[in-house]
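One structure is given here, and the rest of the page talks about it.
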Protein chains: 2
Amino acid sequence: MVSIKDIAKQAGVSISTVSYALNGSDKVTEETCARILAIAKELDYVPNAAARNLKKRETKIIGVFLTDFRGDVYGDLLYGIKEILNRKEYDLIVCSGKQSHRMLPERMIDGAIVLDQTFDSEELLSYAERGHKIVVLDRELNHPHINQVLLDNKAGAALAIEHLLELGHRKLYVVTGPDGSYDSWQRMQAVKQTVERSGTAELIEIHGNFEKSGGEHAAETILRQHVSPDSGPIAVFCLNDEMAVGFYNRMAESELIIGKDIHIVGFDNIELAQYIQPRLTSINYSKTKWGAVAAEQVLKIIAGEDVEHERLYVTLVQRESAGTVFIP
Amino acid sequence: MVSIKDIAKQAGVSISTVSYALNGSDKVTEETCARILAIAKELDYVPNAAARNLKKRETKIIGVFLTDFRGDVYGDLLYGIKEILNRKEYDLIVCSGKQSHRMLPERMIDGAIVLDQTFDSEELLSYAERGHKIVVLDRELNHPHINQVLLDNKAGAALAIEHLLELGHRKLYVVTGPDGSYDSWQRMQAVKQTVERSGTAELIEIHGNFEKSGGEHAAETILRQHVSPDSGPIAVFCLNDEMAVGFYNRMAESELIIGKDIHIVGFDNIELAQYIQPRLTSINYSKTKWGAVAAEQVLKIIAGEDVEHERLYVTLVQRESAGTVFIP
DNA sequence: TTGTATGCGTTATCAT
DNA sequence: ATGATAACGCATACAA
């Protein structure tokens, strides 16, 4: 492995001069600088990250922590993060699983962006307490070193429920996320509020898990309860699209037709939403922007700037799964 | 930042004793070891990765390099990689973009798994030449430090073409990937061979790009050439599913019906394939296993073991997009 | 069993 | 403008 020592020897200068030259300091003659750079290139010199990190106490890398690597949301989110980070000479690494948490306290990364419910809030707080910089996308957490960039879950859920109410529904099934999910909890809050405010509507909560299986189970539950298909269409709000897909799958085996017998709305507007039949009405938000804002925030915290929690707006995307007007 | 020096001071021992204790060496009394560990925990000690990496010249991290973070293939692939690596005490980081290549030469990772055509083969070879360990999933590259884990592209393409031939087609449209794509090139080789071997069939190549837009363009090209819809169904083999989806999108605006007027086969069997209507016949392979094998190989190279190039088998998944028998 | 000392490759502070 | 040198935090060969 060729180090600055080798370059120094070759160039007949000291290692400090080499270091200055490589880092573009103006404390060295253009001439020697050029000579050193030439030798470095010739020797195929590459700096050693470990040594630099050890000395500088920074890595110029931001870690993104995800529950898993699947999931449609991540692609665009990561793209948004990467765009911003690269522009500021930072690199991005994506991690998943408890084992990888060490990257933060061991100082392999300068900051973290977390979208992973399985990452304990207490653990995060303890890292923040140690001085590590964190942006969370999936919970409320207050600490000088932690910033939040959250979806406007409440607005989204309200939009969904209002849409179903406008279609004339007075009985609403809502399929929730897993216990402990901040997004699910917040969306449910808004659901309840909106339903209550409507006065007349009835709310039936079905426990889900944000995965396809949750939607399948919900479909079965509803099929059991709704024996007569002539009692008018059924309204369903799945708190994410993934479950709506599972719901579709199970319903395909029944006699009920989505869009006609069942009006369903999802949340996230994943790519699949526009390909399943009928196309799924859903709550949309810019995943790219979400990532971009998160990246900006984490860099600001690192730079010591003041930051305020951010909130991303959402919109309703109307499609055929719940598009037709229905007055009972 | 608390270091072993602080622990040593607190425990009244030397830093080497602390180091031994923390690394579970048997050169230290159980008693002192326990005492040191207790102090370490109390002080909330976390080792500094940079210092350890600098000294040990290894990071226990494997980097995976992808073209982008979108793409359905990646989720399962990464899952397969992670499973194996975590089992062997290795961590996984996912990177994308030229900027992140530095991770390898700067020794931030012990090895790389590459599925990214934009990663120059020459660059990879130069890294291998410097002693870095690499597994490639998307090209043939021979070097003692490089191993290949490739799909059986030829078998897959042959399966697809044979299926269309069996349906009775004698005129086959094939939508290729971008120039320079190894997968596309190999699949085309097999396509040509299989068509030639059939004797009677005619092959029409349409240049694509492995993205949705490629499929859309291909659909337009075919719509222009095929003015009369009564000349029997058209056979299309998209060299990946993503393009097939684009093809569907464009065809939805025409009068031709996929599965009836058009028989189409894809490659990759992405999740969407089973949700678009009609469901897409495709070439399937285990993405999880692909990742697992790649991870095993890179660890073997690192361990200095001999490895041989691996090849993953593929199968045809018949669905309705090209299911019906058709004899002209 | 424990302590001393050295070096990993860099950066950065002082002299010169 | 350049050089000598001291850290950074850890692992380890060698001494005691």
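Naming convention: chains lettered A, B, ... in sequence-line order (proteins, then strands); numbering from 1 in each chain.
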Heavy atoms under 4.0 Å, any strand shown: does A:Ile15 hit a base, just sugar-phosphate, or nothing?
base

To the nearest angstrom, the NZ-P distance between A:Lys55 and C:dT10 comes to 13 Å

A:Ile4 CD1 to D:dT2 C1', in whole Å, measures 14 Å

(Q) It should be established whether A:Ser14 places a side-chain nitrogen or oxygen under 4.0 Å from OP1 or OP2 of nucleotide D:dG3. (A) yes

To the nearest angstrom, the CZ-P distance between A:Arg107 and D:dC8 comes to 13 Å

Fill in: Ion pair check, A:Arg102 and B:Asp91, cut-off under 4.0 Å
yes

Rounded to whole Å, CE of A:Met1 lies from P of C:dT10 at a distance of 7 Å

- Looking at B:Tyr285, is B:Lys289 sitting on its ring face, NZ or CZ under 6.0 Å from the six-membered ring centre and within 45 degrees of the normal? no

### Query
Is a side-chain N or O of A:Thr29 found less than 3.5 angstrom from the main chain of A:Thr32, in a donor-acceptor match?
no

B:Met108 atom CE is separated from C:dC8 atom C1', nearest whole Å, by 17 Å

Subject >> Base C:dT13 to side chain A:Tyr20, donor-acceptor N/O within 3.5 Å cut-off >> reply: yes

Here the distance between atom P of D:dA11 and atom NZ of B:Lys5, to the nearest Å, is 14 Å

A:Lys9 NZ to D:dG3 C1', in whole Å, measures 16 Å

A:Leu54 CG to C:dA12 C1', in whole Å, measures 13 Å

Under a 4.0 Å heavy-atom cutoff, the residues of residues 23-53 of chain A touching DNA chain D are A:Lys27, A:Val28, A:Thr29, A:Thr32

Item to complete: Answer with yes or no whether A:Ser16 presents, from its side chain, a donor or acceptor under 3.5 Å of a partner atom in the base of D:dA4.
Response: yes

